[in-house]
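All values below come from the heavy atoms of this structure, side chains included, with hydrogens, waters and symmetry mates left out. Along the sequence shown, residues carry numbers from 1. In each ligand, atom 1 is the first atom listed, and ligand 1 is the first ligand listed.
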Amino acid sequence: MTEVSVTKEDAVASGELVVLRSVNKHFGALHVLQDIDLTIDRGEVVVVIGPSGSGKSTLCRTINRLETIDEGAITIDGKPLPQEGKALARLRADVGMVFQSFNLFAHKTVLENVMLGQIKVRRVDKKKAEEKARALLDRVGVGTQAEKYPAQLSGGQQQRVAIARALAMDPKVMLFDEPTSALDPEMINEVLEVMQQLARDGMTMIVVTHEMGFARSAANRVVFMADGRIVEEAAPDQFFSNPRSDRAKDFLSKIL
Ligand code: ADP
Ligand code: MG
């Protein structure tokens with residue numbers, strides 16, 4: 001007879017990838033994250049929306065530990081966030097992050113930007129790193145720009161390079177913090193399309209954005225934050241057509 005047992009590994013492999021439990025954070029007197037409970041499953045795309053100052057960026061930054069938390073727990077793939085050192089560097093590599101400001105290394109070529117982390121953190125040899133970088137640059141549609149410097153690219157191209165750079169680390173989850181907010185309008189779609197494709201390919205994604213079209217079409221779930229709390233969580237259709245909270249109704253009336 002074959003014994004069937006469900007190990008912890010099975011449970012992790014089947015579902016939860018990012019888990020926040022009762023997370024609290026203060027900036028001095030400001031209680032910026034208040035009792036945040038949030039679970040993101042493997043392959044899930046969660047869009048986080050909410051007014052400016054509600055804590056969305058801080059939430060992202062705690063997930064890859066650019067910010068510490070005061071209380072609660074965060075686990076990635078079943079492992080608690082390490083405090084520092086090499087374990088933290090590895091964890092950061094598991095969590096790809098794309099910011100509003102593209103944050104590329106200005107003095108490195110596009111290709112070097114996408115190779116660097118692979119070599120330094122993942123210890124990939126140079127040839128493999130270059131192959132992978134070129135493949136990823138092709139994938140995000142900037143393969144022909146590989147030898148240029150970031151300043152020679154448009155904002156939309158730079159942001160796609162930033163996405164390729166994050167993907168080069170084989171992250172388990174990708175965090176996007178308003179990735180199109182600094183872009184000229186005509187460049188927003190080329191970045192959203194790359195993100196859409198990533199979502200279709202099954203990447204687990206947490207996306208802070210004001211692009212409600214993206215939320216409607218790509219998100220499995222919308223998380224609405226206000227004043228450091230998760231006020232409402234729902235499927236996009238439900239959230240946009242029938243928000244429950246007054247805060248969400250008010251917010252949507254201003255942006256839609
Ligand atoms: P959002 O991304 O939703 O606009 P943030 O997470 O950036 O919100 O900020 C939430 C609140 O925390 C804001 O009031 C902001 O001014 C404050 N805040 C953010 N970062 C810091 C910091 N490093 N020190 C002090 N206050 C901060
Ligand atoms: Mg923000």
- Only pairs at least two apart or in different chains count here, so list each salt bridge (Lys or Arg N to Asp or Glu O under 4.0 Å) that has a residue in residues 174-196. Arg160-Glu190
- Parallel, tilted or perpendicular: which fits the ring planes of Phe251 and His210, with parallel below 30° and perpendicular above 60°? tilted
- Task: Quick one: which residue pairs count as a ring pair (Phe, Tyr, Trp, His ring centres under 6.0 Å) with a foot in residues 72-113, not counting sequence neighbours?
- Result: none
- Message: Residue by residue, ordered by chain and number, which ones reach under 4.0 Å of ligand 1 with a heavy atom?
- Response: Phe27, Leu30, Val32, Pro51, Ser52, Gly53, Ser54, Gly55, Lys56, Ser57, Thr58
- Message: Just by distance, no angles: are the side chains of Glu44 and Thr204 close enough, under 3.5 Å, to form a donor-acceptor pair?
- Response: no
- Message: Quick check on the Mg ion (ligand 2): does Gln100 put an N/O/S atom closer than 2.8 Å to it?
- Response: no
- Hey, is Arg247 close enough to Asp227 for a salt bridge, meaning N to O under 4.0 Å? yes
Ignoring hydrogens and angles, write down the donor-acceptor pairs under 3.5 Å from the side chains of residues 233-242, residues two or more places apart or on other chains.
residue: Glu233; atom: OE1; partner: Arg221; partner atom: NH1; Å: 2.3
residue: Ser241; atom: OG; partner: Asp237; partner atom: O; Å: 2.5

